[in-house]
Number of protein chains: 2
Amino acid sequence: MVRKLDPAKHQARRQHIVNAAAELFAVKGFDRTTTAEICKAAGISAGNLFHYFSNKRAIFLAVLEEDEERAEGLARARTSDDPWAALLEVVDLLAAPAAEPSAPRLVMEAMVQAHHDPELSARLSRDNDEEHAVIAALIAEAAADGQIDPGLKPDDTASWVLALIASLYTSAATDPAFAPTEQLPTLKLILHRFLRADSPSAGNMPRLGVERIGPTTRQREDAPAEPMTPAARPQR
Amino acid sequence: MVRKLDPAKHQARRQHIVNAAAELFAVKGFDRTTTAEICKAAGISAGNLFHYFSNKRAIFLAVLEEDEERAEGLARARTSDDPWAALLEVVDLLAAPAAEPSAPRLVMEAMVQAHHDPELSARLSRDNDEEHAVIAALIAEAAADGQIDPGLKPDDTASWVLALIASLYTSAATDPAFAPTEQLPTLKLILHRFLRADSPSAGNMPRLGVERIGPTTRQREDAPAEPMTPAARPQR
DNA sequence: GTCTATAGCCCGATAGAC
DNA sequence: GTCTATCGGGCTATAGAC
């Protein structure tokens, strides 16, 4: 409707507002952040904000805008010929943003705001469904290849893999002592043991007696028996 | 200050308000629920609410009031002589409320509101620390008894056990298709494989070859090789 | 195109009649 | 003790000067 003199500059300013708003949303939450605060943080004046966004919700949606690396990574995983390796790469991909300072709180805020905002809810569901489909497919492939326990149901299992990744965000958001980057190896260890479950001839697992005391797998410091990709990649 | 004619009746009315408020907080969230709505839902008139609670925050704190069964269950676990069995009972205890219709959303709402409310934050931290201490102690005992992998660090591992239980709540709150009661056996399967990790002589796990195809452990429908307690116990 | 000023609305909490 | 009425404040979004 209104002609913009310089679309590139307009876009840059818009992104500047989004960055300022993201920080506020993470710290104060959506409901308690006022548009006036966003304007002040972005260095523009009150009414001017609505030339860039039609309302406050639109700003929050823009904060969660598509992560290109995520899309590319998921596409790459679909065409991999080593499903287990691809699965681990997807875990790294989805876990990486948890290390950013404000991402965990933003993710939690988005999850609760989705209950009151159908558009946001659809947005999150779409992303989640995409991730779920990729992971379930990789699990099915890996099971067929004998890389993981074929007794696991791909759909339910994929949901739990995603839930474990989500735990990195919720734990980081609620516990200041929780460092996602340091905990990623443990997450992979859990996944490794859950999915591979290479108890050789297990029907049901033998109840451990007291006779076994010898050293088992070591946790921490070392990777969980699988090569790790660097993983500490910044988002946005 | 003001004398109450009938303390018991006052308490009952107070609880009635709390129940009405809990439902609203779960559906609409704390910030978007107005005191007027709470009054209407509770069947009292506007100003009257503040004779029972000093402000809106106090109502939310009352909603999260101490669960007696939780306290008793944790105390019981401390004195158990079978740490692995006790751990499973603690998991049942903490997981049970996830099956209530509004508990998952209330829990998530509490987690985000804690960022703006030091009193609430202290409340949640206290509960969490208590659970963490009990679980870490059981893990250390179970490792000493040879029931679980002694290579696991009790503190980090306890945090992940709690994170897995929390996933029941976050998944239920965000995914309408997720049924906590149905997923509890899978959670226990994950814990079982993560903690026991009874790969017989494992230094690092052997990479599965394609030669193994036979049936392994079955998931779903049947319990994960451990007796389950009924678990569907209502809270509050 | 960007600013200032404010309209219009709703909220939490209080005051005072009954 | 419970009601009705209302206050002071803060919010989103718009209108109009520059």
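A quick note: this is a predicted structure, and the numbers were derived from the prediction, not measured. Worth knowing before you read on, the calculation uses all heavy atoms, side chains too, and leaves out hydrogens, waters and symmetry mates. Chain A is the first sequence line, chain B the second, and so forth, proteins listed ahead of strands; every chain is numbered from 1.
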Passes side-chain hydrogen bond (donor to acceptor under 3.5 Å, both in side chains), E23(B) versus N19(B)? Steps please.
CA-CA 7 Å; E23(B) 178 69 17; N19(B) 293 341; over 6 Å; no
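- For I59(B) and dC11(C), the CD1 to P distance is 15 Å, given to the nearest whole Å.
- The distance between atom NZ of K40(B) and atom P of dG12(C), rounded to the nearest whole Å, is 14 Å.
- By the side chain to side chain donor-acceptor pair (under 3.5 Å) test, R123(B) pairs with D127(B), sequence neighbours left out.
- Look at R57(A) and you won't find any side-chain N or O under 4.0 angstrom from OP1 or OP2 of dT12(D).
- One atom, CZ of F60(B), and another, P of dG12(C), lie 15 Å apart when rounded to the nearest Å.
- When distances are taken from the side chain of F50(B) to each of dG12(C), dT12(D), dT2(C), the shortest belongs to dG12(C).
- Ranking dC3(C), dG12(C), dA5(D) by closeness to the I44(A) side chain, first place goes to dC3(C).
- Closest to the side chain of K56(A), from the set dT2(D), dT12(D), dA13(C), is dT12(D).
- Residues from residues 28-38 of chain A with heavy atoms under 4.0 angstrom of DNA chain C: there are none.
- Atom-to-atom, CG of N55(A) to P of dT14(D) comes out at 9 Å; the value is rounded to the nearest Å.
- Residue Y52(B) is classed as a sugar-phosphate contact, given heavy-atom separations below 4.0 Å to backbone atoms only.
- The CZ-C1' distance, from R13(B) to dC3(D), rounds to 12 Å in whole Å.
- With distances taken from any side-chain atom of N48(A) to the nucleotides dA5(D), dT12(D), dC3(C), the minimum falls on dC3(C).
- In this structure, CD1 of I17(B) is placed 15 Å from P of dG12(C), rounded to the nearest angstrom.
- Using bins of under 30°, 30° to 60° and over 60° for the plane-to-plane angle, the ring pair H10(A)/Y52(A) lands in the parallel bin.
- A donor-acceptor contact shorter than 3.5 Å links the side chain of E109(A) to the backbone of F30(A).
- Nearest approach of A172(A) to P104(A), heavy atoms of both residues: CB-CG, 3.7 Å.
- Residues W84(B) and L191(B) come closest through the heavy atom pair CH2-O, 4.4 Å.
- The shortest non-hydrogen separation linking S121(A) to A114(A) is CB-O, 3.5 Å.
- Close to dT4(D), at under 4.0 Å from its OP1 or OP2, lies a side-chain N or O of S45(B).
- Here dC3(C) presents its C1' atom at 14 Å from CG of L49(A), a figure rounded to the nearest Å.
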